[in-house]
Amino acid sequence: MENIISLKDIILEFEDNSRVLKNISLDIKDKEFVTFLGPSGCGKTTTLRIIAGFLEPTSGDVFFDGQRINGVPPHKRNVNTVFQRYALFPHLNVYENIAFGLRVKKVPEKEILSRVGEVLELVNLKGFEKRSVHRLSGGQQQRVAIARALVNRPKVLLLDEPLGALDLKLRKEMQIELRRIQKELELTFVYVTHDQEEALTMSDSIVVMNNGYIQQIGTPTDIYNEPVNAFVADFIGESNIINGCMPQDCVVEFAGRRFDCVDKGFDPNETVDVVIRPEDVKVIQAEKARLTGIVESVVFKGVHYEMIVDGVDHKWIIHSTKAAPAGTMIGMTFDPDDIHIMKKTPEVQE
Amino acid sequence: MKLKYFSAPYLIWMVVFILVPLVMIGYFAFTTDGGDFTISNVSDVGQYANIFVRSIWLSLIATAICLVIAYPVAFILSRMDKHKQGTMLMIVMLPMWMNFLLRTYAWMTLLGNNGIINNILGAIGLGPFQMINTSGAVVLGMVYNYLPFMILPLYSVMVKIDKSLLEAASDLGCSSASTLFRVVVPLSMPGITSGITMVFVPAISTFIISRMLGGGSNLLIGDLIEMQFLGNAYNPHLGAAISLVLMVIILVIMTVMNQFDPDDQVLI
Amino acid sequence: MKKLGKIYLALVLLFLYVPIFVLIVFSFNETKSSSVFSGFTLDWYKRLFNNRIIISSLVNTIIIAVAASIISTILGTLAAIGINSMRRVPRTVVMNVTNMPIINPEIVTGVSLMLLFSFFAARMTLEFGFVTLLIAHITFDVPYVILSVMPKFRQMDPHIYEAAQDLGCGPFKAFRKVVLPEIMPGVVSGFLMSFTYSLDDFVISYFTTGSTSQTLPITIYSMTRRKVSPEINALSTLIFLVVFVVLIVKNVLEGKAAKKRMSGGGF
């Protein structure tokens with residue numbers, strides 16, 4: 001697979017000299033569904049806007065299909081954007097909104113008719129042609145926005161938190177639908193979201209960002225199972241992150257106890273972050289456990305209970321199908337391969 | 001006590017001081033001094049067709065110039081940083097708060113035959129030009145006085161156009177020029193129409209600007225009306241008839257303008 | 001592109017301000033010339049302050065503006081309350097008539113009132129002067145008050161009036177405690193609008209005034225009709241200064257209010 005978009009050493013400073021992007025390099029493969037994931041202000045939307053051409057990087061190069069496209073204005077780039085709040089033209093109806101890009105390119109009327117018809121079918125909006133856009137529901141507006149971008153047959157579709165304004169159920173539906181469209185049309189999707197669950201379900205590859213840096217690039221499984229640092233681990237799912245050290249390979253010491261693990265290659269007695277996912281903590285009887293704590297709170301979450309457990313020097317968050325009442329002492333244990341060891345402070349910072 | 005009776009004092013006021021005076025204009029327009037019905041006042045208005053044509057023509061030119069100057073100003077203002085916008089708008093609107101007569105007087109001294117502009121031009125060996133007492137000076141006076149009336153409605157519509165709409169247009173292949181014509185102009189249509197009426201109505205009915213900058217040779221409808229009521233030509237019946245025709249002209253133009261105004265438009 | 005915009009804006013501002021600044025500069029000119037600056041003097045200001053006509057017309061203007069704006073604010077606010085509780089058809093009719101003085105050219109409003117006043121003057125002891133001026137000013141002010149108060153009713157939650165009554169207020173108290181504070185911003189801006197329109201009005205005053213009661217714009221008009229005098233320049237300078245200070249204060253106050261709102265809201 002070819003790289004369709006490459007960013008090389010992108011730095012972006014605003015007028016007041018604050019740096020929003022601090023050295024971003026990444027490759028996006030053709031026909032891939034890539035997600036930029038991170039908290040607000042991490043630079044994910046900014047990166048997307050650089051690809052679209054709305055922002056020019058202060059330094060660094062943007063390549064599209066092998067060609068450097070710095071300075072090429074948005075209307076000459078072969079990418080289209082689905083905007084956060086859709087940005088539908090209020091003075092045009094559904095049909096005219098979708099036909100907008102084709103009209104600008106002076107595509108013959110007959111072809112416009114058939115191409116708009118095609119995408120309307122693709123997004124399940126047949127029959128809505130004459131509808132004015134502010135008489136549409138949020139989900140329908142969303143579909144028009146997608147159709148309006150897709151009708152231009154871009155090589156890459158950029159989506160800026162497109163589902164943010166929808167309610168949960170609709171969002172789930174649209175996630176599946178977007179994935180279907182991407183597969184069906186064999187397009188490259190670059191998708192921006194702050195919702196880790198959304199990123200994990202939809203993407204071929206996830207770019208986790210924070211503070212203007214890329215923290216990790218990988219498949220959803222990689223990112224979930226092998227987060228490279230505490231930030232990624234915490235952002236991808238709630239995690240227990242505990243200070244520890246590695247006396248030797250495959251042994252980690254934390255909370256005053258030694259545990260077996262599967263990681264090796266650390267310096268003897270190197271201090272590390274130990275990451276254990278809430279669902280990987282097993283609740284056992286206190287007498288049988290090497291690690292104990294007092295249950296502070298229990299909340300029923302539908303599939304499981306969420307417990308906050310006060311350990312010696314860490315408050316544990318535990319997801320379990322069994323609950324212990326608040327105030328009781330419980331024991332905790334983990335399988336060796338559920339203990340993830342990470343080098344200290346490798347979160348990419350200045 | 002019902003709330004709607006609160007408006008009773010105003011309703012009486014409205015009938016006596018808004019409706020009755022307007023009815024009186026109609027009455028005067030169609031009567032003689034003796035109170036007999038006549039249409040001769042209205043048909044006499046035809047004698048002043050040249051003044052009507054000049055008024056309409058000059059105020060149309062002034063309105064067009066205002067639109068051309070104001071449109072970019074309003075657009076630039078609407079795209080500024082939010083905290084700068086307020087201050088900048090104040091600076092643009094400040095001259096409008098000066099009394100209208102003084103602003104026109106300022107141009108009298110600038111354009112005069114011995115005025116500053118002719119003095120400066122004279123210093124570099126040009127002129128002197130006859131600027132005051134020309135129809136050009138009248139148009140200039142209209143543009144200067146009514147420009148803010150065009151900027152304000154345009155600005156208040158444009159400031160509601162979300163930046164993402166302009167980006168979307170550019171994303172879909174529009175150059176700056178085609179974004180302007182395909183997105184900005186259609187969306188600012190309500191501002192354009194109300195700006196045009198806000199400039200055209202006072203321009204076509206002014207008598208100050210023509211008197212101060214136009215000399216005696218550039219009479220407008222306003223002068224004509226004023227002369228019938230307070231001038232030597234004293235004839236309120238003819239004056240009322242001219243006022244009636246003026247109101248009809250304005251009504252027609254506003255109806256035409258409303259055709260361009262999409263009324264169910266909501267900016268997203 | 002951005003730079004071009006700034007240059008353009010600067011040119012338009014130049015067009016708007018140069019005439020005013022020329023006026024100001026020549027208010028300090030020693031001679032009567034309005035094109036050659038020969039030396040600095042404050043004489044024209046002294047003369048201005050000793051000009052009895054100007055001072056008395058300024059006083060007149062202020063009296064009329066204050067009286068007209070207070071009366072029209074009361075009249076207009078009551079009207080807005082009433083109009084708001086009318087049914088659709090009468091409301092539309094009343095609003096259309098109310099809009100007339102705003103849409104009509106000023107000169108038409110002026111001559112129509114003049115016709116009315118002449119009618120009364122010929123039959124009763126009405127004289128053109130203070131009373132006619134005041135009536136004319138109230139007539140063109142009230143619509144602005146109504147138009148700035150009406151939208152406040154639209155924005156208001158219609159249930160707060162009922163909520164206040166539910167919590168033990170009588171109808172009048174409920175109105176005073178809940179509704180009035182909600183429409184107050186509209187009342188205030190209506191008052192300020194009528195006050196400035198009254199201060200500034202020339203055309204309608206011109207047709208409805210008599211020889212006894214002149215307003216400042218009318219005095220200015222007769223001055224410009226006579227020989228050019230730098231006193232007008234001095235007057236312009238003072239008016240510009242007043243307007244400038246008032247707008248700056250207004251802007252600062254609004255800025256502060258906006259900041260307060262921002263820091264007060266949110267989490």
Side-chain angles (χ1 to χ4, degrees), chain B residues 2-11 13-14 17-22 24-25 28 69 72-73 76 86-87 90-92 94-95 97-103 105-110 112 114-116 119 144 147 201-202 205 207-208 212 222 225-226 229-230 236 239-240 243 246-247 250, chain C residues 1 5 8-9 12-13 15-17 19-20 22-23 26 34-36 75-76 78-79 81-86 94 97-98 100-101 103-108 111-116 119 135 138-139 142 196 200 202-203 207 217 220-221 224 228 232 235-236 239-240 243-244 247 251 254-255:
Chain B
K2 278 190 175 173
L3 283 176
K4 67 178 172 192
Y5 297 131
F6 278 44
S7 56
Y10 169 69
L11 292 183
W13 190 283
M14 182 184 92
F17 296 113
I18 298 179
L19 274 183
V20 170
L22 286 175
M24 283 181 84
I25 287 200
F28 267 69
I69 296 178
V73 173
I76 294 166
T87 316
M90 187 202 92
I91 294 173
V92 171
L94 197 150
W97 295 97
M98 275 276 282
N99 188 281
F100 163 82
L101 294 155
L102 294 173
R103 278 179 287 155
Y105 172 76
W107 280 103
M108 256 170 91
T109 65
L110 283 174
N114 294 312
I116 294 195
N119 269 12
Y144 184 73
L147 184 61
V201 173
S205 59
F207 65 96
I208 302 298
M212 287 171 80
I225 296 175
E226 194 261 353
F229 285 94
L230 291 171
S243 305
L246 175 63
M247 281 161 76
I250 288 171
Chain C
M1 211 42 210
Y8 182 78
L9 210 55
V12 173
L13 287 178
F15 171 64
L16 289 174
Y17 278 90
I20 294 173
V22 170
L23 271 188
F26 281 94
S34 58
S35 56
V36 183
L75 206 58
L78 291 176
I81 295 166
I83 294 168
N84 189 57
S85 51
M86 282 179 181
V94 172
V97 179
T98 301
M100 275 183 184
I103 299 168
N104 259 338
E106 284 178 310
I107 193 170
V108 173
V111 298
S112 72
L113 282 166
M114 186 188 176
L115 285 177
L116 181 81
F119 179 82
I135 291 175
I138 294 171
T139 305
V142 183
T196 43
D200 212 42
F202 167 72
V203 177
F207 287 101
I220 293 171
Y221 177 69
T224 61
V228 170
I232 302 179
L235 185 62
S236 309
I239 292 182
F240 183 78
V243 167
F244 188 70
L247 283 188
N251 217 34
E254 272 173 5

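All values derive from a computational prediction rather than experimental measurement. Any value given below was found using the heavy atoms of this structure, including those in side chains, with hydrogens, waters and symmetry copies removed.
- Note: Pro72(B) leads Pro72(B), Pro236(B), Gly239(B), Gly86(B) in heavy-atom pairs under 4.5 Å with chain C.
- For the set Ile83(C), Ile239(C), Leu13(C), the count of heavy-atom pairs under 4.5 angstrom toward chain B peaks at Leu13(C).
- The contact between Trp97(B) and chain C is made by backbone and side chain atoms together, counting heavy-atom distances below 4.5 Å.
- When heavy atoms are compared at a cutoff of 4.5 Å, Val142(C) approaches chain B solely by way of its side chain, counted from C-beta outward.
- Ala106(B) and Thr109(B) get closest at one heavy-atom pair: O-OG1, 2.8 Å.
- For the set Ile91(B), Leu246(B), Val201(B), Ile225(B), the entry with the most heavy-atom pairs within less than 4.5 Å of chain C is Ile91(B).
- Between the OG atom in Ser85(C) and the OH atom in Tyr5(B) there is a gap of 10.0 Å [rounded to 0.5 Å].
- No more than 12 heavy atoms of other residues, nucleotides or ligands lie within 6.0 Å of CZ in Phe244(C), so this atom counts as exposed by the packing criterion.
- Among the candidates Gly76(C), Pro101(C), Pro19(C), the residue making the largest number of heavy-atom pairs closer than 4.5 Å to chain B is Pro19(C).
- For Tyr10(B) (side chain) and Gly82(C) (main-chain N/O), no donor-acceptor pair under 3.5 Å exists by modelled atom type.
- Contact of Asn119(B) with chain C is made through the side chain alone, with heavy-atom distances under 4.5 Å.
- Counting heavy-atom pairs closer than 4.5 Å to chain C, the top-ranked of the candidates Leu230(B), Ile76(B), Leu110(B), Leu22(B) is Leu230(B).
- Expressed to the nearest 0.5 Å, how far OG of Ser236(C) lies from CG of Asn99(B) amounts to 8.5 Å.
- Most heavy-atom pairs under 4.5 Å with chain B: of the set Leu16(C), Val203(C), Val12(C), this distinction falls to Leu16(C).
- For a residue to count as touching a neighbouring chain, one of its non-hydrogen atoms must lie under 4.5 Å from one of that chain's; by this rule Thr196(C) touches chain B with the side chain only.
- With sequence neighbours excluded, the residues that form a ring-ring contact (aromatic ring centres under 6.0 Å, His included) with Phe202(C) are Tyr206(C), Tyr221(C).
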Evaluate Thr98(C) against Met14(B) for side-chain contact (heavy atoms from CB on, under 4.5 Å), listing each step before the verdict. CA-CA 7 Å; Thr98(C) 301; Met14(B) 182 184 92; 4.0 Å; yes
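- Considering CE of Met24(B) and CG of Leu19(B), their distance stands at 13.0 Å, rounded to 0.5 Å.
- Both the backbone and the side chain of Leu113(C) have a heavy atom closer than 4.5 Å to some heavy atom of chain B.
- Comparing Ala240(B), Ser243(B), Pro95(B) by how many heavy-atom pairs each has under 4.5 Å with chain C, the most go to Pro95(B).
- Counting heavy-atom pairs closer than 4.5 Å to chain C, the top residue among Ile250(B), Ile208(B), Leu11(B) is Ile208(B).
- Looking at Asn251(C), only its side chain comes within 4.5 Å of chain B, counting heavy atoms on both sides.
- Counting heavy-atom pairs under 4.5 Å between each of Ile20(C), Ile135(C), Asn84(C) and chain B puts Ile135(C) at the top.
- Both the backbone and the side chain of Val97(C) come within less than 4.5 Å of a heavy atom of chain B.
- Interatomic distance, Ile232(C) CD1 to Leu101(B) CG, rounded to the nearest 0.5 Å: 9.5 Å.
- Residue contact with chain C, scored on non-hydrogen atoms closer than 4.5 Å, involves the backbone and the side chain of Phe17(B) alike.
- Of all non-hydrogen atoms in Leu247(C) and Met90(B), the two that sit nearest each other are O-SD, 3.7 Å.
- Of the listed residues Ile220(C), Val111(C), Leu235(C), the one with more heavy-atom pairs under 4.5 angstrom with chain B than any other is Val111(C).
- The line from CE of Met100(C) to OG1 of Thr139(C) is 14.5 Å long, rounded to the nearest 0.5 Å.
- For chain B, the nearby part of Leu23(C) is the side chain; its heavy atoms alone come within less than 4.5 Å.
- Expressed to the nearest 0.5 Å, how far CZ of Phe6(B) lies from CD1 of Ile81(C) amounts to 5.5 Å.
- Of the two parts of Val22(C), only the side chain, counted from C-beta on, holds a non-hydrogen atom closer than 4.5 Å to a non-hydrogen atom of chain B.
- When heavy atoms are compared at a cutoff of 4.5 Å, Met247(B) approaches chain C solely by way of its side chain, counted from C-beta outward.
- Taking Tyr144(B) as the reference, Trp107(B), Phe15(C) meet the ring-ring contact (aromatic ring centres under 6.0 Å, His included) condition, with sequence neighbours excluded.
- Leu75(C) touches chain B through backbone and side chain together, each having a heavy atom under 4.5 Å away.
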